[in-house]
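What follows is a single structure, written as structure tokens, with notes after it.
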Amino acid sequence: MIPSPFDYVRVQSVDEAVAALTEHGEDAKLLAGGHSLLPIMKLRLAVPTVLIDIGGIRDLSYVRVEGDEVAIGAGTRHHELEGDAVAAAEVPILPYVAGQVGDPQVRHRGTLGGTVAHSDPASDLPTALLALGGTVVVQGPDGRREIPITEFWLGFFETALQADELIVEVRVPRTGSAGWAYEKFTRRANDWPIVAVAAVEGRVALANMAGSVVRATATEEALARGASIEEAAALADQDTSPGADMHADQEYRRHLARLLTRRALERASGGAAATAA
């Protein structure tokens with residue numbers, strides 16, 4: 001399928017990107033890796049009149065420690081995050097999950113900011129970010145603002161990002177050697193997960209169990225009360241609204257959420273060394 005006609009603008013800085021977004025309005029779309037945007041343009045689910053290419057803004061590609069947090073530039077590509085030594089030492093779930101995204105071609109083009117902005121409920125990295133907590137830093141014509149990750153994803157392809165803003169950074173707490181795990185069930189290799197679960201220090205996030213990635217709050221509350229892993233995991237699908245398609249109905253997804261949550265919590269409780277197995 002062929003996208004609708006559009007104009008193309010390539011920018012070299014965040015300020016240029018904000019200026020272009022302001023000039024062209026809500027019909028403009030940002031292009032980074034393109035692996036999320038271009039397929040929906042071909043299906044005409046998105047019909048931008050202008051594509052603003054931010055792939056050349058190298059200032060947005062970094063991973064660094066800042067106080068108690070790790071700051072990751074929005075232009076950091078998945079393969080860069082996968083192999084980053086700072087991320088591996090300070091927040092190891094992220095490079096592990098980055099290595100689970102698609103195939104090498106996807107990981108060499110896709111960016112952290114792109115997958116966060118896309119708001120697909122089946123995305124790997126947003127699931128891990130939601131379990132970590134932290135903030136999304138965005139910039140618009142009025143400067144920068146920080147949005148808690150728990151408030152960023154509003155629904156299917158919907159975020160708290162304004163039309164004239166772009167994501168410039170994601171900040172997450174340093175977890176070091178604390179236990180973590182990521183469990184993902186796919187129909188075949190490199191597919192989107194039918195259900196995925198990220199667990200970090202008692203926080204649990206689910207992919208594909210609602211219109212966006214969501215926290216398993218009933219499970220988290222049960223763990224805080226001292227419930228066993230088995231008891232807490234049995235609550236993982238509470239307050240979720242999974243969809244149904246040709247690959248899985250709602251009840252199957254609920255079963256997977258409970259099962260994968262139990263596995264993730266068991267691995268996370270064993271420490272970081274056990275989670276990478």
Side-chain angles (χ1 to χ4, degrees), residues 1-4 6-14 16-17 20-21 28-48 50-64 70-88 91 93-129 136-139 152-153 156-157 159 161 165-170 172 182 184 186 188-193 196 207-208 213:
M1 300 184 70
I2 300 173
S4 296
F6 57 86
D7 293 328
Y8 173 84
V9 177
R10 184 172 175 82
V11 298
Q12 299 297 330
S13 70
V14 171
E16 287 182 18
L21 284 171
K29 290 286 186 185
L30 295 172
L31 175 68
H35 279 277
S36 297
L37 177 60
L38 295 182
I40 64 173
M41 287 177 61
K42 290 180 180 179
L43 293 172
R44 309 240 172 159
L45 297 175
V47 286
V50 179
L51 275 189
I52 302 168
D53 187 348
I54 60 173
I57 307 178
R58 296 309 300 167
D59 290 347
L60 290 181
S61 180
Y62 56 84
V63 180
R64 60 192 180 216
V70 176
I72 308 169
T76 305
R77 300 192 186 278
H78 302 324
H79 83 96
E80 293 173 325
L81 185 57
E82 181 182 2
D84 189 87
V86 173
V91 61
I93 190 174
L94 287 185
Y96 176 80
V97 174
Q100 307 300 305
V101 178
D103 53 33
Q105 290 88 347
V106 170
R107 296 197 291 275
H108 275 72
R109 290 298 303 166
T111 65
L112 181 66
T115 194
V116 170
H118 190 52
S119 190
D120 188 319
S123 290
D124 295 287
L125 280 165
T127 310
L129 291 170
V136 180
V137 183
V138 306
Q139 183 166 331
F152 188 79
W153 294 291
F156 191 64
F157 292 171
T159 72
L161 196 66
E165 294 176 324
L166 77 157
I167 300 170
V168 294
E169 186 177 87
V170 177
V172 295
Y182 186 66
K184 174 179 177 179
T186 60
R188 59 187 181 186
N190 301 330
D191 265 357
W192 297 101
N208 242 352
V213 292

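All figures in this text were calculated on a predicted structure; none of them were measured in a lab.
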Test log, rule side chain to side chain contact (heavy atoms under 4.5 Å, CB included), inputs H118 and I40: CA-CA 11 Å; H118 190 52; I40 64 173; 4.1 Å; yes

Are any side-chain N or O atoms of S123 and backbone N or O atoms of S119, one a donor and one an acceptor, separated by less than 3.5 Å? no

Point-to-point distance, once rounded to the nearest 0.5 Å, from CD of E82 to CZ of R107: 5.0 Å

Once the angle between the rings of H108 and H79 is folded into 0 to 90°, is it parallel (under 30°), tilted (30 to 60°) or perpendicular (over 60°)? parallel

Between V47 and S4, the two heavy atoms sitting closest are CG1-OG, 3.6 Å

Beyond-backbone contact of D7 with V9, side-chain heavy atoms, under 4.5 angstrom: no

Among L81, V63, V70, side-chain contact (heavy atoms from CB on, under 4.5 Å) partner for V91: V70

Can you give me the closest heavy-atom contact between A207 and T127, atom names plus distance? CB-OG1, 3.3 Å

L43 atom CG, neighbour heavy-atom count above 12 within 6.0 Å: yes

Would you mind reporting whether S36 and T115 have side-chain heavy atoms less than 4.5 Å apart? no

Locate the shortest heavy-atom distance separating Y182 from A196; write the atom from each residue and the value. OH-CB, 3.3 Å

Student check: side-chain heavy atoms of V172 and L129 closer than 4.5 Å: yes

How many angstroms lie between atom CG of D124 and atom CG of L94, to the nearest 0.5 angstrom? 11.5 Å

Could you grab the distance from atom CD of E80 to atom CD1 of I72, nearest 0.5 Å is fine? 11.5 Å

Student check: side-chain heavy atoms of L166 and V14 closer than 4.5 Å: yes

Provide the closest heavy-atom pair for T186 versus P193 in the form atom of the first, atom of the second, distance. CG2-CA, 3.8 Å

Test V11 against every option in L30, I57, D53, L21 by the side-chain contact (heavy atoms from CB on, under 4.5 Å) rule and name the one that passes. I57

What distance do R58 atom CZ and Q12 atom CD have between them, rounded to the nearest 0.5 Å? 11.5 Å

I want to check something: taking the side chain as every heavy atom from C-beta on, are R77 and S61 in contact at a cut-off of under 4.5 Å? no

Check: D120 main-chain N/O paired with W153 side-chain donor or acceptor under 3.5 Å: no

Rounded distance (nearest 0.5 Å) linking atom CD of E16 with atom CD1 of I54: 12.5 Å

Below 4.5 Å, heavy atoms only, C-beta onward: do P3 and L38 meet side chain to side chain? no

Please determine whether side chain to side chain contact (heavy atoms under 4.5 Å, CB included) holds for the pair V136 and T159, giving the CA-CA distance in whole Å, both sets of side-chain angles, and the decisive distance to 0.1 Å. CA-CA 11 Å; V136 180; T159 72; over 6 Å; no

CA sep, side-chain torsions, deciding dist, call: D84, T76, side chain to side chain contact (heavy atoms under 4.5 Å, CB included): CA-CA 10 Å; D84 189 87; T76 305; over 6 Å; no

For K29, look at atom NZ and say whether over 12 heavy atoms of other residues, nucleotides or ligands are found less than 6.0 Å away. no

Which pair of heavy atoms, one from G34 and one from P39, lies closest together, and at what distance? O-CD, 3.6 Å

Validation row: F152, L161 side chains within 4.5 angstrom (heavy atoms): yes

Nearest heavy atoms of A98 and H78, plus distance in Å: CB-O, 3.6 Å

Side-chain contact, heavy-atom cut-off 4.5 Å: L51 with L37? yes

